There are 2 protein chains.
Amino acid sequence: MVSSKDVAKRAGVSQSTVSRVLNASNQVSKTNAEKVTKAMKELNYRPNAIARSLVSKQTKTLALISGPLHNPFFVETTTSIINYANEKGYKTNVFFENAGDNMAVYESVLSMQLDGIILSSIFMEDPIYEELKALNLPFVMFNRKHNKPGHFVEIDNRKAGKLAADHFLELGHKRIGFIGGPLYTSTFHGRCEGFIVKLKEHLSLDDALIHETDTSEKEIREAVLKMMGQKHKPTAIFAATDSIAILAIDVLKELGYDIPDDISICGMDNVRLARHHSFELTTIGQKTEQNLGRLGIEYLIDMLEGNIQEDTPVEVTLEPILYQRKTTCAI
Amino acid sequence: MVSSKDVAKRAGVSQSTVSRVLNASNQVSKTNAEKVTKAMKELNYRPNAIARSLVSKQTKTLALISGPLHNPFFVETTTSIINYANEKGYKTNVFFENAGDNMAVYESVLSMQLDGIILSSIFMEDPIYEELKALNLPFVMFNRKHNKPGHFVEIDNRKAGKLAADHFLELGHKRIGFIGGPLYTSTFHGRCEGFIVKLKEHLSLDDALIHETDTSEKEIREAVLKMMGQKHKPTAIFAATDSIAILAIDVLKELGYDIPDDISICGMDNVRLARHHSFELTTIGQKTEQNLGRLGIEYLIDMLEGNIQEDTPVEVTLEPILYQRKTTCAI
DNA sequence: TCGGGTTTTGAATACGTATTCAAAGTAACG
DNA sequence: CGTTACTTTGAATACGTATTCAAAACCCGA
């Protein structure tokens, strides 16, 4: 490992001088600067980022704690986050939330030296909130949020649920199912609540059609099987994410249903795949092109760079709209 | 920031002793160990990973340089890699290859302090190879590989191309297209070559049906449009990845084609999505359940932990097999 | 109680960089 | 040439931990 000392020796200057040319401080004489640059090249010197961090207290590293990538929503946010962070000179350590036990992940994150955290994996009452606060690092939640105040970027989930309900009601559906969860996350909680509230304004609700699940293929599958196995089947389903909708469609097709002729289905998130001609999934999303991850990372980095005071809360709730495509139709 | 010195002071011992209880060396008296543990808790002490790394020369951090996540193949490998690395106590810094200019990414990677690198983004003649070698870190290539020797995990791409050709030939197809590229990557190079070699054994080849592209939606779209716009259209297409196949299907459906009645299509990688009832994509993959990313990261970590000598080359080439589903049929 | 051996301890140092501070050098000006 | 002001330099130190080494404490048998 070649260090700044080695460079210094070779260039015939002190280590301080080497450090100074590294940091582009223009207080080095031209001749010395050249000598140092030359020596660096000859030795193929690369500054040790670890040592730098130790003194600068900056790691230029962020942690992303994301939902799983088999959900296309997180494919898009992860891509945006990593690429934007990179553009701004930050590295991203990625972690995936772990259905059973997030503590291992959090333990790992908490013990790292980081400049900031962006996460989607928080629950409304998550005790991790306090620990994150205690770290005294900027952190922003995207998609989901915690009940306590903090920086977040979300979509108006309640309103989204209502939109879905409205859509189905307008199409004349009477038996409408819901699949999604867990409900202790702000996303599913809001979507479910808004959906149910709206339905109840016009129909009497059949509890057998409301399926709280997690996001695993297994549970979605089970929910669809149960729902369609009933004597009185639904004619429409609101899947609380596109990921769930796509899994549900897989099962429905396996069972021989035609969509939307036999059953309408509406997702949420407006992921790229929803537009594919093999799906043309009706869904709910925001108007803006930039996804929630991108918005979140922009705010986080703004905070790190001092463009936003950290004590002014970032609380962004986007307006949802319906993207009507071909998986829903009138009854 | 509470340091080991603070803990030492509070516990009434020296910093050395604190360090010793941290590293579970059992050469600390019980009474002192307890005092220190107590002080740590009271102060909510977390060891500074940066400082640790500076002396230990280990960062427990890996870099993953991956293809883009809109390719479902990389969704699966990225998930496997990150999760497995985490299990083994390694953090993963993720980078995505950048169509235009990978140098920014590499520059970032090369300047980090890392324990190892796993990457899919290398070209057969990529000059980055030498720089990676020079870092003197273990690195393994998965999916793609370089022409020069190094650790890699791949599938037999040439054989895969032949399999695809065989499949179409058996089904009686005569005009068979190819979409994929760039051909300076080992994957596309092998697949294309094997495919063409096999075809030529039985047919005269129409160059207008061989489309070298990159992996962008734009180019795939263009290739499909061009191919199907011809006077003599193909009756079958080998898309060199499932990702390309799925994009191609999108365009084909948009153009009104039924699959496989109007045109057969075969992908490669056997990604999860290929099994979806909205695709049921015929494709080529390996037999083993574990994906290439998972295999690669296992080898990498084995090397880091000394379970494999770094100088014994890891060169894994998996056997491809055809997964016949419903996007290909006899003509 | 003493001596030898073993365990436990803390002072000192190293890791590679940034930064402070005082000294040395240089330029400008009268 | 002397003075002042400014630029450039290197020695020393700090960052937070692990580790070495020698000293201290302890244990045990004689």
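Just the heavy atoms: all of them, side chains too, but no hydrogens, waters or symmetry mates, feed the values below. Predicted model only: the values in this text are computed from it and were never measured.
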Chemist: Specify the residue among A51(A) and K30(B) whose closest nucleotide of DNA chain C lies further upstream toward the 5′ end.
Modeler: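 The answer here is K30(B).
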Chemist: Extract, from 5' to 3' on DNA chain D, the first and final nucleotides lying under 4.0 angstrom from some heavy atom of chain A.
Modeler: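 So the outermost contacting nucleotides come out as dT8(D) to dG16(D).
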Chemist: Tell me, yes or no, whether the heavy-atom count around K60(B) atom NZ, taken from other residues, nucleotides or ligands under 6.0 Å, exceeds 12.
Modeler: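 Enclosed: over 12 neighbouring heavy atoms sit under 6.0 Å from NZ of K60(B).
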Chemist: Checking I81(A) against R294(A) for the side-chain contact (heavy atoms from CB on, under 4.5 Å) test, could you report, in this order, the C-alpha distance in whole Å, the side-chain angles of both residues, the deciding distance, and whether it holds?
Modeler: CA-CA 6 Å; I81(A) 289 168; R294(A) 168 63 186 249; over 6 Å; no
Chemist: Between V314(A) and I308(A), what is the shortest heavy-atom contact and its length?
Modeler: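 The answer is CG2-CD1, 4.3 Å.
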Chemist: Hey, which sits more toward the 5' end of DNA chain D by its nearest nucleotide, L54(A) or T31(A)?
Modeler: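 With T31(A) and L54(A) compared, the 5'-side residue is T31(A).
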Chemist: Contact class for V13(B) vs. all strands (heavy atom < 4.0 Å): base, sugar-phosphate, or nothing?
Modeler: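 Contact class for V13(B): sugar-phosphate only.
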Chemist: Heavy atoms only, 4.0 Å cut-off, all strands: where does S56(B) land among base, sugar-phosphate and nothing?
Modeler: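 Nothing, no heavy atom under 4.0 Å.
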Chemist: Can you name the closest pair of heavy atoms from D214(B) and P182(B) and give their distance?
Modeler: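 So the two residues come closest at CA-CD, 4.0 Å.
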Chemist: Distance-only, no hydrogens or angles: does the S108(B) side chain make a donor-acceptor pair with backbone N or O of A104(B) under 3.5 Å?
Modeler: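 Judged by distance alone, no pair lies under 3.5 Å.
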Chemist: Students often mix this up, so state it plainly: with edges at 30° and 60°, are the rings of Y129(B) and H146(B) parallel, tilted or perpendicular?
Modeler: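 The arrangement is parallel - the two ring planes meet at less than 30°.
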